[in-house]
*Asks:* 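Before I ask anything, here is the structure I am working with.
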2 protein chains.
Amino acid sequence: VLIRSIGTDHDRLPHTGTLRYADDVPQIPAAALSQPDADNLALQLQTGQTVRFRLYLTCRLEAEMRTSANVLAEVLGREKPDEVVLLAAHLDSWDLGTGALDNGAGCAIIAAAAQLIGQLPQPPRRTIRVLLTANEEFGLSGARAYAEKYQAELGSHVAALESDFGAGRLWALRSLVKEDKVPLVRAWAELLAPLGIVYRDNSARGGADLSALAAARIPLFDLRQDGTAYFDYHHTANDTLDKVVPAELQQNVAGYATLVYLLAENPENLGRAPEPAP
Amino acid sequence: VLIRSIGTDHDRLPHTGTLRYADDVPQIPAAALSQPDADNLALQLQTGQTVRFRLYLTCRLEAEMRTSANVLAEVLGREKPDEVVLLAAHLDSWDLGTGALDNGAGCAIIAAAAQLIGQLPQPPRRTIRVLLTANEEFGLSGARAYAEKYQAELGSHVAALESDFGAGRLWALRSLVKEDKVPLVRAWAELLAPLGIVYRDNSARGGADLSALAAARIPLFDLRQDGTAYFDYHHTANDTLDKVVPAELQQNVAGYATLVYLLAENPENLGRAPEPAP
């Protein structure tokens with residue numbers, strides 16, 4: 001199987017990712033072609049002549065599994081230290097680039113937001129926990145390990161946010177809270193408006209890592225980002241630091257710091273979240 | 001030697017080219033790094049720690065030289081078939097991309113311009129000769145072979161043009177003709193103005209292949225192109241057909257067809273060109 005890369009770029013760098021087989025099919029090799037290479041192949045095939053294609057794949061599953069680790073850091077709450085606002089991003093990246101966007105940017109954004117709050121004269125009421133997961137890319141095992149290890153505490157996780165879409169500007173807030181809490185979230189969103197962020201709706205879903213915590217019905221907050229260039233770089237050799245625009249990274253940090261402070265300082269709890277939309 | 005690529009792009013694709021050694025230096029390996037890779041290396045070196053760099057170069061000089069060929073085509077002049085307006089571009093390309101810009105575009109532009117003129121009800125006074133050279137990239141041997149084989153005819157080459165800068169829009173005309181012919185060229189340039197092309201000065205130099213014909217003092221005409229993106233793609237894996245903008249290619253064809261027709265139809269000769277500026 002050869003597929004055309006899904007990016008909008010025109011670089012000779014394929015956009016890659018995980019391959020999943022249905023149980024009842026033969027596991028044949030598959031690869032993505034860059035746009036120019038797919039164009040070239042398509043033009044050759046259109047001639048009606050026989051086309052020979054040499055496919056040289058170096059990716060492989062290693063027989064032995066290796067152990068990696070999640071990394072946690074906290075700003076301890078001054079009144080309710082057992083109540084946690086969880087910020088998630090992942091430490092691993094796809095193999096071709098250096099992972100500056102996926103997900104170095106996310107790690108930097110949530111760590112910087114927590115650090116800014118931690119530097120305030122007094123910490124907020126609740127604990128802010130930064131969770132940098134291992135192995136988001138290949139099965140979410142880090143997030144699952146977190147869910148398992150902290151299962152008893154998940155009921156007191158009062159909110160969860162995940163940054164995993166590069167460093168593109170934040171432009172919208174989605175929540176997933178009980179209906180009677182939406183007006184409060186809308187009021188908070190007014191404080192994000194100067195950053196160019198609008199409240200959208202109550203259909204937040206969290207990112208891939210937070211999906212491993214779905215059973216705990218933690219209220220979710222999606223700070224949605226401009227993804228214009230994301231899939232041009234994500235999972236390609238071009239996912240490098242020069243693609244991170246400092247001003248956009250800073251706007252992300254400002255947005256997260258604002259919202260996370262509000263969540264951690266909020267006098268009352270938001271309760272559990274409703275079931276997400278199917 | 002590792003150098004930073006000269007393009008303005010941020011792709012993980014190095015900009016490559018020929019390496020020349022002075023006679024008295026050891027011939028050490030050299031390579032160009034893409035911008036992101038150069039950034040990465042520079043950041044590592046700034047730490048002051050030892051940096052290990054693995055350089056895997058596959059380029060090589062083969063012991064045996066191979067023979068290639070120039071390709072010539074003509075629109076025969078109706079009155080002065082022995083007088084030639086020469087249009088040059090090169091058939092070879094650098095090895096990483098497919099050479100769509102360098103120099104597929106140039107071949108297409110001059111061939112299409114000559115074809116358009118050849119489809120007129122009657123051919124112009126002089127012959128238009130399309131010269132697609134072999135081996136521009138690695139020593140201009142095709143152009144030199146042409147100069148040698150047609151040495152006796154070079155005195156009746158009345159003008160020469162070369163297209164070797166991709167398909168970016170034409171924006172200026174430079175000539176290299178005797179001073180008393182400049183007003184005539186300026187008048188011709190008025191016919192190029194609707195295409196957005198202005199007359200610049202009498203300092204044309206021709207391209208690399210035409211340099212092999214310099215001794216013949218053929219009047220030169222440079223149709224200068226927008227090169228904004230040229231060095232982002234030239235001599236990289238990204239030099240592929242999707243980088244050619246059809247409207248820009250067509251503007252080039254229109255510019256060449258107009259000027260070449262005027263040169264071939266001009267009642268009087270331009271004479272020999274002055275020595276080019278040093």
Side-chain angles (χ1 to χ4, degrees), chain A residues 4-16 32-47 51 53-54 56 58 93-102 104-105 108 166-168 228-246 248, chain B residues 4-16 32-47 51 53-54 56 58 93-102 104-105 108 166-168 228-246 248:
Chain A
R4 182 184 283 270
S5 293
I6 64 168
T8 58
D9 63 284
H10 290 272
D11 298 315
R12 294 279 302 286
L13 301 170
H15 177 268
T16 62
L33 295 177
S34 72
Q35 304 288 342
D37 290 314
D39 288 347
N40 199 356
L41 181 59
L43 285 169
Q44 289 180 55
L45 290 170
Q46 280 167 21
T47 65
V51 177
F53 192 96
R54 180 184 300 192
Y56 179 59
T58 57
S93 68
W94 208 249
D95 62 328
L96 294 169
T98 60
L101 296 176
D102 184 19
T228 305
Y230 187 66
F231 288 105
D232 295 349
Y233 301 135
H234 158 271
H235 287 213
T236 79
N238 257 346
D239 185 354
T240 49
L241 188 60
D242 53 305
K243 310 308 184 305
V244 175
V245 180
E248 297 181 356
Chain B
R4 183 184 283 271
S5 292
I6 63 167
T8 57
D9 64 285
H10 289 273
D11 298 315
R12 294 278 301 286
L13 300 170
H15 178 267
T16 62
L33 295 177
S34 72
Q35 303 288 342
D37 290 315
D39 289 345
N40 200 357
L41 180 60
L43 284 169
Q44 289 179 54
L45 290 170
Q46 280 167 22
T47 66
V51 176
F53 192 97
R54 181 184 299 192
Y56 179 60
T58 57
S93 69
W94 209 248
D95 62 328
L96 294 169
T98 60
L101 296 176
D102 184 19
T228 305
Y230 188 65
F231 288 104
D232 295 348
Y233 302 135
H234 158 272
H235 287 212
T236 78
N238 257 346
D239 185 354
T240 48
L241 188 59
D242 52 304
K243 311 307 185 305
V244 175
V245 180
E248 297 181 355

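This structure is a prediction, so every number in the text was calculated from the model and none was measured. Proteins get letters first, then strands, A, B, ... in listed order; numbering begins at 1 in each.
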*Asks:* Side chain from CB out, backbone as N, CA, C, O: work out which of these in Asn40(B) comes under 4.5 Å of a heavy atom of chain A, or both, or neither.
*Replies:* side chain
*Asks:* Just so I understand: if I count every heavy-atom pair under 4.5 Å between each of Gln35(B), Arg12(B), Lys243(B) and chain A, which residue has the most?
*Replies:* Arg12(B)
*Asks:* Among Thr240(A), Leu13(A), Asp11(A), Asp9(A), which residue has the highest count of heavy-atom pairs closer than 4.5 Å to chain B?
*Replies:* Asp11(A)
*Asks:* Name the region of Asp39(B), side chain, backbone, both or neither, that has any atom closer than 4.5 Å to a heavy atom of chain A.
*Replies:* side chain
*Asks:* Heavy-atom distances under 4.5 Å only: say whether Leu43(B) touches chain A with side chain, backbone, both or neither.
*Replies:* side chain
*Asks:* Would you name the heavy atoms of His10(B) and Asp242(A) that are closest together and state the gap between them?
*Replies:* CB-OD2, 3.1 Å
